[in-house]
Structures are given as C-alpha cells and as structure tokens.
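For reference, the structure is listed below as structure tokens.
All heavy atoms count here, side chains included; hydrogens, waters and symmetry mates do not. Numbers restart at 1 for each chain; the letters A, B, ... are given by sequence-line order, proteins then strands.
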2 protein chains.
Amino acid sequence: MRSMDEKKKNESDDKTDIESVCNEFHQYLRRKGLRVTPERDRICREVYSTSIHFDAEDLVQRLQASSESVSRATIYRTLEVLEECGLVKKIRQTDKRRHYEKSLGLEHHDHLFCDECGKVIEFRVEEIERLQDDVCDHYGFHPRRHSLQIYGLCRECMAKKVKDDASKLE
Amino acid sequence: MRSMDEKKKNESDDKTDIESVCNEFHQYLRRKGLRVTPERDRICREVYSTSIHFDAEDLVQRLQASSESVSRATIYRTLEVLEECGLVKKIRQTDKRRHYEKSLGLEHHDHLFCDECGKVIEFRVEEIERLQDDVCDHYGFHPRRHSLQIYGLCRECMAKKVKDDASKLE
DNA sequence: TTCAGTGCAAATTGTTTGCAGTGAG
DNA sequence: CTCACTGCAAACAATTTGCACTGAA
C-alpha cells in the first residue's frame, strides 16, 4: 500500500493549539467586519476541543449543558461563519443531521463509515486524488471540493456479524 | 483517458423498457409477499419515465399533479421498497432533500455536480474502484456501497464566470 | 452611539407515523 | 375474508427566520 498515508485515529488529538485557532477565527471576523463575541469564541473553542467529527445537534447539546449556554440559532449561524473561514467542513452523512469536521491543519482526506457502530476511518490515497483530477480535466470540469465515502462494516462489526450468523445456524 | 468509460449524458434515455422494469418490480413484490397495487405501479412508472436523477419531493409534485394522485406517505414508503429491490439508489444529500437515481441497468458510477447550474455528469474509472478496494483491504473494512462526489463548476459555468469577472474589471 | 449579534419562540421543510378505512390475494 | 396498503392529518426533527433587545466597536 505504497501511496496510502497512514493516519493515526486519535479523535481527541490536541496538537492543534486552541488559542491559535481562536486567533485565526478572530482575525477572519475582523477582516470581514464581523464582530468577535463571547458566543462565537465559545463555539469555536467547543468545536476545537473535542473530536474531529461532530454534528450540529451534538454541539448544541454540549454547549447548552455548560453554564455558559449558547442558543441553538447562534450555533447554527456561527457554524456557517466557521465554514466560510475554512475552520470547519461539512461532511454530511446518511442520516438527516448535518455533519461537520474541524479542518484546520488537516490535509484533505476521505472516509470509511461503519454502518453498524458508526466508526469513521480517515484515509488519503494520492493516486485517487490524481485520478479525480484527470476525470475533471477530461470533462473540462473545475473542481472545488470532493468527497469519497465508503459505507460498510468495519473489521470488528464484520467479525461480530459472521459470528452471529453462525450461531443462528446452530 | 484509457480507463474512463464514456457515458452518453442522455437524461431521458428510454432504452430501459418501462414494462420490463415494472415486471421486475412486481416479481420482487410477490417474492417478498408484498402486494402489487396501482399506487406502487404508478410510482414505479413515474420514476422510470423521467430523468435518472430526482428527489423525493419532485416525485411527489409530479405524481400529485397528475389526475391519479398518490399520497406523499405512499410515495416515501414505496421509494424504500424500490431501494430495497435495487431499482433505485440514494445519492448525495447536499441540501436537505433526499436524492435518488434510478439504477436499473446502470453500472455503478460516480458524479460531478456543477454548483452553478446543477448539471450532473456521470463517470466511472476502474482504477479508482480498484484503489478503493485496496483501501478497504488495508483496514479490514467490508465495503457495501460508496459514493464519490466532485463539486465545482462545469465547463460552461466556468467560462461564464471568467467572462463575468473580466467584465467587472472594465 | 449604532448596527451586528443574540435569544427566544414561531415558522419551515422534508420525512415519518398512527389510524381508520379499503382492496389485493 | 384478511391483513397489507392507502390517504390523511398530526407528529417529528433539524434547521431557519422574525423580532425586540443588547453589547462590541
């Protein structure tokens, strides 16, 4: 698997320094003539202090559980701003919820989603990226973003399923 | 572009004979002990007599415009059955609507979506399919379905944009 | 001081559900 | 004759919006 770029699956990896992310966000806001408010700051921190993957409703739950609650509307509005400034990316899954991932410092990558346990595995294969560009060239298409999602069963859930199926036959 | 499989973009291509599709659907229903009803038939025909791509709400609009209106609930319920039997496939969920494409006789393929005019271009690259399998092997992941979506601007919209931007500079 | 931003509650949108009546097998 | 299917209207769940108030610049 030469071209596959191994990624440690470390959801709570705190390498990205929250302060610098907030700074970047504040700068973006000022550049755009938007205001830096405690709510926006709080939301940005919450997003960046937890797992890479989250959805809007989860975020609402978490933020409203804290003493410094932020309203649902503000959270939705702020997620849009965060997306515009590139700190967060929509990845949208199968259910009706809007899924995001924080994107600072992350190279583009694609996902494997386990149908059973919901696990998310990230991967990146240069060769696939390149082939996509070829396709676009071929159609004169100007790509802005893409997503490759593979759904199925992860190793563990597959093993479990095989076992369950076997025991049903007894 | 050796491995790229050219697909004529012919949305209303009626090669797939509606009668045989309906037949297949009826057989599936019987096999499963489900009933063949006029509503299910009507929905199946509507799906197969129009463009490959559609979303649930569009279908509702079209079916309710006709004299033989079918209720929204029945349409949603039937789409599920059509999906189980493989006559229809769920695709992207960019907006909040549920998008489908009819899948009979179509080989798996991926999509380019134009952000501007909404055009959809289908493509298939064997090499990409193969690389995806490699990725799954590597993680011990058992794939069931996948989708690769590329968003951006199609040739025409890109040209238009370039022109517009240029005229703004005058 | 002045709007952009906030919270709240009401509105929207797509989809799902409960139920009484109906018709396919 | 039965029970799966239908239409309807109400229920849901996620997101959006209108509006009066508030606080960042």
Rounded distance (Å) that lies between atom [atom2] of [N] and atom [atom1] of [X]:
X: Asp58(B); N: dT13(C); atom1: CG; atom2: C1'; answer: 14 Å
X: Ile75(B); N: dG7(D); atom1: CD1; atom2: C1'; answer: 11 Å
X: Lys90(B); N: dG14(C); atom1: NZ; atom2: C1'; answer: 13 Å
X: His26(B); N: dA4(D); atom1: NE2; atom2: C1'; answer: 16 Å
X: Tyr28(A); N: dA4(C); atom1: OH; atom2: P; answer: 16 Å
X: Glu39(A); N: dA4(C); atom1: CD; atom2: P; answer: 17 Å
X: Gln64(B); N: dT6(D); atom1: CD; atom2: C1'; answer: 13 Å
X: Phe54(B); N: dG14(C); atom1: CZ; atom2: P; answer: 16 Å

Q.
If the cut-off is 4.0 Å, is Thr37(B) near the phosphate of dG23(C), judged by side-chain N/O to OP1 or OP2?
A.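 Indeed not, no polar side-chain atom of Thr37(B) lies that close.
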
Q) Quick one: is Thr74(A) getting a side-chain N or O under 4.0 Å of the dG5(C) phosphate, OP1 or OP2? A) no

Q. With distance as the sole criterion, do the side chain of Arg35(A) and the base of dA4(C) form a donor-acceptor contact below 3.5 Å?
A.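 Side chain to base: pair found, below 3.5 Å.
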
Just distance, no hydrogens or angles: give the donor-acceptor pairs under 3.5 Å from side chains in residues 30-45 of chain A, sequence neighbours left out.
{"residue": "Thr37(A)", "atom": "OG1", "partner": "Arg40(A)", "partner atom": "N", "Å": "3.2"}
{"residue": "Arg40(A)", "atom": "NH1", "partner": "Arg35(A)", "partner atom": "O", "Å": "2.7"}
{"residue": "Asp41(A)", "atom": "OD1", "partner": "His26(A)", "partner atom": "NE2", "Å": "2.8"}
{"residue": "Asp41(A)", "atom": "OD2", "partner": "Arg45(A)", "partner atom": "NE", "Å": "2.7"}
{"residue": "Arg42(A)", "atom": "NH1", "partner": "Glu68(A)", "partner atom": "O", "Å": "3.1"}
{"residue": "Arg45(A)", "atom": "NH1", "partner": "Glu19(A)", "partner atom": "OE2", "Å": "3.0"}
{"residue": "Arg45(A)", "atom": "NH2", "partner": "Glu19(A)", "partner atom": "OE1", "Å": "3.3"}

(Q) Using the side chain to side chain donor-acceptor pair (under 3.5 Å) definition, which of the options Arg72(A), Arg97(A), Arg62(A) pairs with Glu57(A)? (A) Arg72(A)

Q: Name the closest nucleotide to the Leu34(A) side chain, picking from dG5(C), dT6(D), dA24(D).
A: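 The nucleotide sitting nearest to the side chain is dG5(C).
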
Under 3.5 Å, is there a donor-acceptor pair between the [X] and [Y] side chains?
X: His146(B); Y: Gln132(B); result: yes
X: Glu122(B); Y: His53(B); result: yes
X: Asp110(B); Y: His108(B); result: yes

**Q.** Contacts of type side-chain contact (heavy atoms from CB on, under 4.5 Å), residue Glu83(A), not counting sequence neighbours
**A.** Val88(A), Lys90(A), Tyr100(A)

Q | Comparing Val36(B) and Thr78(A) on DNA chain C - which has the more 5′ nearest nucleotide | A |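 Closer to the 5' end of DNA chain C: Thr78(A).
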
(Q) I'd like to know if Arg130(A) and Glu127(A) make a salt bridge, using a cut-off of under 4.0 Å between side-chain N and carboxylate O. (A)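 Yes, charged N to carboxylate O under 4.0 Å.
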
Pairs: protein N or O with nucleotides 15-18 of chain C N or O, under 3.5 Å:
{"residue": "dT15(C)", "atom": "OP1", "partner": "Arg98(B)", "partner atom": "N", "Å": "2.8"}
{"residue": "dT15(C)", "atom": "OP2", "partner": "Tyr76(B)", "partner atom": "OH", "Å": "2.2"}
{"residue": "dT15(C)", "atom": "O5'", "partner": "Tyr76(B)", "partner atom": "OH", "Å": "3.4"}
{"residue": "dT15(C)", "atom": "O3'", "partner": "Arg98(B)", "partner atom": "NH2", "Å": "2.8"}
{"residue": "dT16(C)", "atom": "OP1", "partner": "Arg98(B)", "partner atom": "NH2", "Å": "3.1"}

